[in-house]
Every structure is written in C-alpha cells, then in structure tokens.
Amino acid sequence: MTSAALRSRAWKFLELVTTPLLPSDYLDLVSPLRAGADLRGRIEAVHRETDDAATIVIRPGKGWRGHVAGQYVRVGVDVDGVRLWRAYSVTSPTSRADGRITITVKAIPDGKVSNHLVRRAKPGTVIQLDQATGEFVLPETTPAKVLYLTAGSGITPVMGMLRDTKLADVVMVHSAPRKEDVIFRSDLHDLVADKALTLVELHTDTDGMLDVAGLEELVPDWAERETWACGPTGLLDAAEAHWAAHGIAGKLHTERFRPTVVVAGEGGEVTFGKTGKTVEADGATPLLNVGEEAGVLMPSGCRMGICFGCVTPLKSGAVRDLRTGEITEAEDGVLVQTCVSAAAGPCELER
Ligand SMILES: Cc1cc2nc3c(=O)[nH]c(=O)nc-3n(C[C@H](O)[C@H](O)[C@H](O)COP(=O)(O)OP(=O)(O)OC[C@H]3O[C@@H](n4cnc5c(N)ncnc54)[C@H](O)[C@@H]3O)c2cc1C
Ligand code: FES
C-alpha cells in the first residue's frame with residue numbers, strides 16, 4: 001500500500017472515532033495556526049498607543065500570503081459569543097523579520113469590536129483572519145513627490161506605507177484632537193528627525209479643523225503631489241471635491257473606513273426567513289447590523305459596499321441603498337448588499 005493510501009485509511013479511521021466532530025476539529029484545538037486550517041491568527045501582544053487606541057500583534061497561521069503596505073485584513077473576533085468581522089489596515093512593514101503582523105485599532109463610542117480589541121483582547125487569543133486585500137497602496141514605481149493626508153485612525157494604512165517604503169520627498173498632514181491623541185506620534189517624530197518625513201501636525205481642539213481648500217498654505221506644492229488620504233468622511237469628501245475642482249482627481253487616492261450614508265428613510269419589520277427571526281429596524285441601520293444584532297449568521301466582507309461579500313436574496317418587500325437612496329423591490333433572484341441597505345418598509349431576507 002502506498003503511503004498516501006495509508007494516510008487516507010488512517011484519516012478515515014480517525015473520522016470514525018472522532019465522530020460527530022472531524023479530526024480537523026481536534027487539530028484546530030491543539031494547532032489552530034497549522035497549514036490547511038482555516039486562516040487564523042494568534043494575538044501575541046497588545047501595545048497601548050493612546051487612551052483609546054492599541055496595536056495588536058498577530059502571528060498569522062501557515063496559510064498567510066503576506067500583504068502589500070496600505071492593505072487591510074479582515075479579522076473575525078468573538079464578542080459575547082457572537083463572531084463579528086471587521087476590517088483593519090496592516091500597520092507593520094512587509095519585511096518584518098518575525099513573520100508577525102500588526103493592526104492598530106481605535107475604540108469608537110459603542111463600537112463592539114474596536115472596544116473589545118483595544119480594552120479586552122489578551123495575548124494567546126486565537127482570532128479568524130482573511131488574506132490581506134485593498135487597493136490603497138503605492139504604485140510599483142514610486143512617485144517623486146507624495147502627500148499623505150490623514151486624520152484620527154486614518155493614519156493606520158499610511159503608517160504601514162511609511163514603515164515599508166522609504167520615499168525621497170514625502171509630506172504628511174495629520175489631524176487629531178490633541179497631541180496625546182496622535183497615534184504613532186513618537187514614530188512620526190523619529191521619521192522627521194531622520195529627515196524621512198516632513199510633518200504638519202494639527203491639533204483640531206486648538207488649531208481648528210483642517211480647511212482642505214486652504215491646504216496650499218501648509219503644503220504649497222500639494223497639487224504636484226500624488227496623494228493618499230484616509231480619515232473621517234468629512235475630510236475625504238472635502239478632499240475629493242477640492243482635487244476634482246482643480247482637475248487632478250486622478251492624483252488623489254482615498255481609503256474610507258465606513259460608507260457615506262446619504263439617505264435614511266422609514267424602517268420596517270425585517271424577517272430573516274431561514275432563521276425564523278423577525279425584528280423591527282429603523283431606516284438608517286444596515287440590514288447586516290440588524291441581522292447580527294438579532295443573532296442571525298450574516299456573511300460580510302468590507303462592510304462598506306465594495307466587496308459584495310454580504311449579498312443576500314431579498315424575498316419580499318423593499319430595501320433602500322443608504323448611499324444613493326435607491327429603492328430595490330423584491331423580485332425573482334434579486335440580491336441586496338446588506339451592509340449598505342436598510343429596510344424600506346417590511347421586508348424578508350433569505351438568511
Ligand atoms: C478598509 C478598512 C480599513 C479599516 N482600518 C481600520 C484601522 O486600521 N483601524 C481602525 O481603528 N479602524 C479601521 N477600520 C474601521 C473598522 O473596520 C470598524 O469599522 C471600526 O473598528 C468600528 O467597529 P466596531 O465594531 O467597534 O463598531 P460597530 O459596533 O460596528 O459600530 C458602532 C457605532 O459606530 C459607528 N461606526 C462604525 N464604524 C465607524 C468608524 N470607522 N468611525 C466612526 N463610527 C463608526 C456605527 O455606525 C455605529 O453607530 C477600517 C475599515 C475599513 C473598511
Ligand atoms: S460587506 Fe462588502 S459589500 Fe457588503
């Protein structure tokens with residue numbers, strides 16, 4: 001008998017004796033990061049960055065394929081017995097010698113996963129991971145002049161880039177309410193001391209919000225620079241309008257952490273057909289969140305309308321696209337993106 005056939009027999013035997021669990025379930029308990037297991041990561045350290053932000057050091061499992069600086073990774077975390085998935089930018093450089101990666105999370109008020117990771121995550125905890133993805137990256141041929149325009153936790157993908165790729169001429173304009181809220185402040189000042197970065201640091205509590213239209217005063221050659229911007233919706237909307245008004249929209253690359261919600265309407269009763277749950281939902285809350293709140297297993301990805309990882313058949317009723325206000329009514333085979341759709345009256349989803 002060949003060794004492959006022997007292995008197959010041995011595995012079948014193991015399947016018999018470990019029923020109803022599979023042998024892989026037992027292996028998951030003792031070796032969750034092994035090759036062949038669903039991709040996971042083990043939290044190995046948690047470093048506080050500011051009062052409400054922390055860097056989580058993760059050892060990815062054997063299947064991890066690496067990342068490009070600026071990309072994000074989805075992590076699945078169990079919070080109060082419910083597995084929740086969120087996206088976080090990778091803040092470690094691609095060349096990190098120990099093979100570990102970091103994400104840096106800012107806890108937002110009432111945020112389930114961010115507060116869990118910042119305040120309760122413990123070394124040793126195993127979390128679910130997806131492969132890194134995202135287009136917010138530098139091109140292969142790096143531009144001669146770069147501007148990084150960031151605010152708050154929007155600094156994270158840019159820190160990944162700064163740590164990874166040394167650029168000849170890079171200016172960063174970063175805003176945070178106060179000095180002590182600036183994530184990675186000492187790393188940024190180290191780069192300035194090494195002449196690797198020109199930094200304009202704004203403390204909005206005292207300096208006021210950045211007026212993007214007045215950027216020229218801070219960075220006179222801003223329009224010549226290829227720009228990567230990440231931060232709150234207001235900053236990114238203003239930047240997109242400003243770059244477009246100057247006819248250079250193509251020089252601006254943005255990363256949004258949440259979708260732009262333009263229209264909220266009346267809600268309605270939402271039924272999750274397969275799970276048999278019915279809940280009342282308002283017209284502003286994405287059906288993805290409504291389902292998760294109700295304990296329904298909802299597929300998801302980016303949670304902001306990009307990846308289509310959340311599409312679900314709409315069996316009856318109507319939903320509203322929160323980005324455009326467009327109404328979709330149920331008809332044969334119609335699929336909706338639950339992360340950017342809210343109830344528009346009573347509706348039923350196939351979940
Ligand atoms: C591509 C991408 C990369 C990201 N990278 C990072 C990162 O590096 N670091 C980081 O801290 N976060 C990052 N985020 C945001 C992150 O995925 C979560 O949205 C965030 O941590 C909030 O999740 P939560 O479970 O704590 O909040 P939830 O429990 O989902 O929401 C709680 C409340 O906060 C609101 N809310 C949700 N998200 C945000 C937000 N981003 N800002 C303000 N209010 C919000 C909700 O509408 C709700 O009212 C990224 C998001 C994307 C799409
Ligand atoms: S989760 Fe990515 S589109 Fe909805």
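Ligands are counted one by one from 1 in listed order, and the atoms in each one are counted from 1 as well.
Looking only at atom types and distance, the side chain of Thr312 has no donor-acceptor partner in the side chain of Glu350 under 3.5 Å away. When only modelled atom types and interatomic distance are considered, Asp181 and Thr50 share no side-chain donor-acceptor pair under 3.5 Å. Between the side chains of Thr55 and Thr102, no donor-acceptor pair of N or O atoms lies under 3.5 Å. Judged purely by distance below 3.5 Å, without hydrogens or angles, the side chains of His203 and Glu201 pair a donor atom with an acceptor atom. Using a 3.5 Å distance cut-off with no hydrogens or angles, the side chains of Glu226 and His253 do pair a donor with an acceptor. Remark: the Thr91 side chain and the Thr104 side chain contain an N/O donor-acceptor pair separated by less than 3.5 Å.
Residue-ligand proximity, Val113 to ligand 1, at heavy-atom distances under 4.0 Å covers atoms 24 (P), 25 (O), 26 (O). Of all the atoms in ligand 1, the ones that sit under 4.0 Å from a non-hydrogen atom of Met304 are 53 (C).
The heavy atom nearest to atom 15 (C) of ligand 1, considering only Ser153, Gly305, Ala87, is found in Ala87. With Gln71, Arg86, Arg258 as candidates, the residue nearest to atom 28 (P) of ligand 1 on a non-hydrogen basis is Arg86.
Of the possible donor and acceptor atoms, none in the side chain of Thr275 sits under 3.5 Å from a partner among the backbone N and O of Val296. Looking only at distances, a side-chain donor or acceptor of Gln71 sits under 3.5 Å from a matching main-chain atom of Gly134.
Looking at Ser114 next to ligand 1, an N or O pair under 3.5 Å apart turns up. Residue-to-ligand polar distances place Thr156 within reach of ligand 1: an N/O pair is separated by less than 3.5 Å. Not a single N or O atom of Arg256, backbone or side chain, sits closer than 3.5 Å to an N or O atom of ligand 1. When only interatomic distances are considered, the shortest N/O to N/O separation between Tyr72 and ligand 1 does not fall below 3.5 Å. Residue contacts with ligand 1: Lys106 is placed with a nitrogen or oxygen under 3.5 Å of a nitrogen or oxygen of the ligand (distance criterion only).
Residues passing the side-chain contact (heavy atoms from CB on, under 4.5 Å) test with Leu147 are Val171, Val173, Leu215, Val219, Trp222, Arg225, Thr227, Trp243, sequence neighbours excluded.
Atom CD1 of Ile103 and atom OG of Ser89 lie 9.5 Å apart (nearest 0.5 Å).
Per-atom contact check: atom 9 (N) of ligand 1 touches the protein, criterion being a heavy-atom distance below 4.0 Å. Distance screen at 4.0 Å: atom 3 (C) of ligand 1 has a protein heavy-atom neighbour inside the cut-off.
The count of protein N, O or S atoms under 2.8 Å from atom 2 (Fe) of ligand 2 stands at 2, with waters excluded from the count.
Proximity of Tyr88 to ligand 1, defined as any heavy-atom pair under 4.0 Å, is shared by backbone and side chain alike. At a 4.0 Å heavy-atom cut-off, ligand 1 touches Ile108 through the side chain alone. Within the 4.0 Å heavy-atom criterion, the part of Cys302 lying near ligand 1 is the backbone and not the side chain. By the criterion of a heavy-atom distance under 4.0 Å, neither the backbone nor the side chain of Ile103 is placed next to ligand 1.
Relative to the ring axis of Phe184, Arg163 places its NZ or CZ within 45° and under 6.0 Å from the centre.
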- request: Kindly determine whether Asp321 and Ser341 satisfy side-chain hydrogen bond (donor to acceptor under 3.5 Å, both in side chains), including the steps that lead there.
  value: CA-CA 5 Å; Asp321 188 315; Ser341 304; 5.5 Å; no

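Under the 4.5 Å side-chain contact rule for hydrophobic residues, Leu162 and Phe136 share a cluster.
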